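On a predicted model such as this, the values are computed, not experimentally measured, just so you know.
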Amino acid sequence: MPPSKTRFITACQQMLALAVVLAALTPAASVVTLDVVREVPGSHGTRTEVVGDLAAYVRASARTSKVPTQVVDAKVQEYPLTAPATSLSSARGKSASLAAATTSLARTKPGTLPGSTELLSRPQPVTGYGTIGVTWAHGVQVPEDEISFDVRWLDHGVWSDWLAMSYHDDHGPDAGSAEARHARPGTDELIVGDVDQVQVRSTSTDGIVPADMQLAVIDPGEEPATAVEKPAIDTNTMDGSTVPAEAAPATPADADTDATTTTGEATDGSLALQAATYTPKPVIYSRAQWGADERMRDKSSLHYFEVHAGFVHHTVNANDYTRAEVPGILRSIYAYHTQSKGWSDIGYNFLVDRFGRIWEGRYGGVDRPVVGAHTLNYNDYSFAMSAIGNYDIHQPSAAMIQAYGALFAWKLSLHGVDASSTKQWVGTKDFQAINGHRDAGQTACPGRYLYAKIPKIRQLAAEAQRGWAGRELESNLASTPHPDLVVRRPSDGHALVIPTGGLTQFTDPVTVAAPWTAADTAVVSPDLTGDGFSDVVVQVAGGAAQVYPGDGVGGLGSPIKKTDDFDGHDLLTAVGDLNGDGRNDLVARRTANGRLDLFAGTGNGGFQRKVLDADTDWNGYNLLVATGDVNGDGKADLMARTPGGSLVLRPGTGSVALGPAVTVSGGWGKFDTVAGYGDFTSDGVADLVVRRAGKPAFLRPGRGDGTFGHQLGPIDRLSGVTAITGGNLTGTAASDVLARKGGSLVLVPNAGTFETGTPIDSGISVRNADLLLNAGDWDRDGFGDIITRKATNGSLFVRRGDGTGHFSKALRIGTGFGGVSLLAAVGDMTGDGLPDLMGQPAGGAIRIYPGNGLAGLSTSYVAHERIKAGEQIPVGRWDGDGAPDTLFRSGNALTLFPGNGPGGLTSPRSLSLDLSPYDWVIGVSDVDLTGRPDLLVRATKTGYLWLLKATATGFEPRRFLGEGMNAYDLAG
């Protein structure tokens, strides 16, 4: 459909800044500005500051333009200036007396410099708004300091002065590429405009002119039909799959041919997308809008690679062209590049005119990493936009500079590149994210005046970029911002969500009493004073004790109820309501006879001493510890450790008595600290804090049956403290730690985070699935979703989450995926704000399947050549840039393929990690919200779930997350 008849309808346009501004433009507005704003650090979103202005570009973008609506045939006339190359003269230095053989084609004479030769062409006619250039035989390399070119033109009977033509031997396709194998060296194109004739001269300092030199004169052609249109390419609508059908590799029959079909829950199409903010997206005039004849380009040479940086160029032509002449200028450049220089297409990815309009250059999709022929040796890793005009002699307009800022911000953000980056690896060396052509070669391009504006372009682009929010791999499905795991229980086929909670962490210690005597013992107890808050009991060495009432927010009041009843006692321990009278108690050992006494709380800070156990010699134990109900019978319990390291449980009876001893499994003798009191993991079950001398502290989570699970931690904040005791002093759901640090008594508050929470039964059956994916926020309603694949026919279904671990009915988003291996939800690869999939059809390459929300999937395209691996593991922004990355597991080895946004995957590198102990390897977003994404792995033998936390160079030591994972057969 021609652009003049196309309507662009897009939901996401409503939320993107540039589109909003363009839609709001009205004739009554005398001044229109697009203020790019960002949050002021520390403002917590309460105010913004203006940091950039794209007003001139916005005005240019809002205007319509007169453009051709049909293909326009540009005509190229080539005039020979030297004899054709022969097999003996096809390379520089083998051309014998070539200048003498060209007198019939062009006049030659000795140059003004000794040994030089000057060649002068015959005047040649120019038709239309003309463009010229000079090329010569493929393979004849001429250093730019050994040859120069000038042109003059005849207009209304008057010859102009001679004007230097630009020639640089570093303009063109990269050496060794398919495009370079038949490219002809030559000058840059030069638009001479509406003149009658042109004449060129060439000066060769070594006296030898190149073989097969030709003068190309291009007529841009007449436009048979035109229309007044807006730019046809609205990048708000792009999803990374905008390559026209002939360029996109054919979609396999078993992939997504019916991918837009949905069934099940109905929608009214009015879903408000809640994607994060994105870089404002520019509008671009398409190739069709400048009349490109697609027959001129070499379709087989279309090539994609990577985008790490962008380059600023200029076309070195007159600057007084009109708006209506620009499509013809582009056709002339295109014709010269393809028909005269032998390139596969126009060399630049984009062009911008002096009015601030952006034009699509090289074919292949403006959002894809199309390899151009603009910056020799760096084309594979970059893109370029060329300014139409000569900016060595003329200042660029504000609209042009702002167009550069808007285009570079958007294009770089697609590929995960920070526009302000000063170090980007581009093939063989580092560049800034935005550069002038002269930064990469010996050239004056893009002219001194435009080059001087590159810092401004960098500033505008950096300010316009909104960061990478929304492109991350999103893994949270229930209640917290931390990632969750979705699993299947084979017994009933139900999907369950296993939450993670940021890992067990405590905050920085806070002094509650100083100075603190090291000989004093402090014990945190549940409420002893009747005010509902936990309190602290302090006993001087073997003697009197008194209660310091807690205030529920971490503070302690003045001591009350000092009593000498504790004289001669040690191992003072808080035990909760041991005797069942509704008030909390303490126990302590009488050192003289080894009996155990109960200090029954009176509810007002006082105690009544009673003999709890006189039959057992408690001098045979070196530690007492209590943390509430350990065995799940509803009564508070007590534990003691023998000198041999055994921990025994003496169950509470709800009276002034203890039940028979039961050994608690586990090696407890290695710890110098074993402390209660209460629930440290917020799961409703009492736990213990343990630590070995000189080692980090850990939690031993209670199971509620008299046993304790695998240790959790380490807990960094408990390093450097001693005399650890636990209890809830801050009034939260999780117990804190009270300890001695130096000469002070300090409180170490619990952050309330945890490793894994109680599994949530979603209530839905996925019994018929052979793949279960945590898809992130697929429909952008603010909640995480899951995708399943039906085992019998390969259909894909999305189930919309509600943020609580529950999901809606299935909606079909694709069919025929049964033969697609390595299928995974990979986050937003395409930069359109919607999560995508990636997989490998049988016998094919890894492909990106762009997500389109509830509408399904857009046309897939190749992300990387065939990868031999057993599993794809999406990991989000693993390498720290803005594009999601992917790991692949092959056997027990792990390989990182960095993402390049719509470009797919780039050059791999191996990661040092032995995966042999694990049968699950699942990429998730950052577990503790501190930076990099992480891996969750399941140990094959034990069913333990471990965290492999990524670092800049590898992985931290694995950290235990949970047990019992062998109860599930699918996970994502």
Side-chain angles (χ1 to χ4, degrees), residues 416 468 470-477 481-487 497-500 503 756 771-778 784-787 821-829 835-840 846 848-849 851 863-864 867 869-890 892-899 904-906 908-915 918-939 945-952 954-956 958-959 961-962 965 968 970-972:
W468 320 119
R471 298 197 68 178
E472 291 280 15
L473 180 70
E474 300 166 316
S475 312
N476 52 311
L477 298 169
H482 304 281
D484 305 312
L485 193 63
V486 58
V487 297
V497 174
I498 300 176
T500 74
L503 307 178
T756 56
L771 186 68
L772 183 59
L773 302 178
N774 189 335
D777 187 3
W778 186 263
D785 310 307
I786 62 173
I787 289 176
S821 62
L822 305 179
L823 190 63
V826 292
D828 179 18
M829 291 290 292
D836 307 307
L837 303 181
M838 194 184 300
Q840 185 178 60
I846 293 288
I848 292 175
Y849 299 89
H864 200 278
I867 296 173
E871 185 177 6
Q872 181 180 182
I873 306 157
V875 289
R877 296 190 298 119
W878 186 271
D879 60 5
D881 64 16
D885 308 312
T886 296
L887 302 176
F888 287 88
R889 178 179 185 173
S890 181
N892 294 320
L894 200 59
T895 303
L896 169 66
F897 284 77
L905 304 176
T906 65
R909 62 183 176 90
S910 296
L911 299 181
S912 179
L913 181 65
D914 179 15
L915 295 176
Y918 312 115
D919 58 357
W920 286 356
V921 182
I922 301 170
V924 295
S925 51
D926 185 18
V927 168
D928 58 2
L929 308 181
T930 58
R932 297 177 179 274
D934 302 314
L935 297 181
L936 303 183
V937 296
R938 182 178 72 174
L945 187 68
W946 296 90
L947 168 66
L948 299 180
K949 189 159 184 60
T951 68
F955 299 89
E956 294 180 1
R958 69 180 188 177
R959 178 164 177 159
L961 289 185
M965 295 299 141
Y968 310 111
L970 282 183

Below 4.5 Å, heavy atoms only, C-beta onward: do Gln872 and Val826 meet side chain to side chain? yes
Rounded to the nearest 0.5 Å, how far does CG of Asp879 lie from CZ of Arg909? 7.0 Å
Would you check, one step at a time, whether the test side-chain contact (heavy atoms from CB on, under 4.5 Å) holds for Tyr968 with Leu772? CA-CA 12 Å; Tyr968 310 111; Leu772 183 59; over 6 Å; no
Quick check: does any side chain N or O of Arg889 sit under 3.5 Å from a backbone N or O of Leu915, one acting as donor and the other as acceptor? yes
Is there a side-chain contact between Thr500 and Leu485 (heavy atoms, below 4.5 Å)? no
Side chain to side chain contact (heavy atoms under 4.5 Å, CB included) partner of Val486, chosen from Leu970, Asn774, Ile787: Asn774
Between Trp878 and Ala950, what is the shortest heavy-atom contact and its length? CH2-CB, 3.4 Å
Rounded to the nearest 0.5 Å, what separation is found between the NE2 atom of His864 and the CD1 atom of Ile846? 9.0 Å
Spacing of Glu956 atom CD and Leu948 atom CG [to the nearest 0.5 Å]: 10.0 Å
Between Pro874 and Ala825, what is the shortest heavy-atom contact and its length? CG-O, 3.0 Å
Could you report the tightest heavy-atom contact between Ser475 and Val924, atom names first, then the distance? OG-CA, 3.5 Å
Is a side-chain N or O of Asp836 found less than 3.5 angstrom from the main chain of Gly851, in a donor-acceptor match? yes
Interatomic spacing from CZ in Phe955 to CZ in Arg932 - rounded to 0.5 Å: 10.5 Å
Over 60° means perpendicular and under 30° means parallel, so tell me whether Phe888 and Phe897 are parallel, tilted or perpendicular. perpendicular
So do the side chains of Leu945 and Val937 get within less than 4.5 Å of each other, counting heavy atoms only? no
Partners of Asp484 by salt bridge (Lys or Arg N to Asp or Glu O under 4.0 Å), sequence neighbours excluded? none
Taking the side chain as every heavy atom from C-beta outward, state whether Leu935 and Tyr918 have any atom pair closer than 4.5 Å. no
Distance, nearest 0.5 Å, that separates CG of Asp885 from CG of Leu905: 8.5 Å
Could you state the interatomic distance from CG (Leu773) to CG (Asp785), rounded to the nearest 0.5 Å? 12.0 Å
Considering all heavy atoms of both residues, which atom of Ser925 and which atom of Pro483 are nearest to each other, and what is their separation? O-CG, 3.3 Å
Do you know the tightest heavy-atom contact between Ser890 and Ala869? CB-CA, 4.3 Å
Shortest non-hydrogen contact between Ala775 and Pro835, atoms and distance: O-CB, 3.7 Å
Are Ile867 and Thr895 close enough that some pair of their side-chain heavy atoms sits under 4.5 Å apart? no
Given side-chain contact (heavy atoms from CB on, under 4.5 Å), test Thr886 with Ile873 step by step and report yes or no. CA-CA 6 Å; Thr886 296; Ile873 306 157; 5.8 Å; no
Would you confirm whether Thr756, through its side chain, and Leu961, through its main-chain N or O, come within 3.5 Å as a donor-acceptor pair? yes
Would you say that Asp928 contacts Lys949 through its side chain, given a criterion of any heavy-atom pair below 4.5 Å between the two side chains? yes
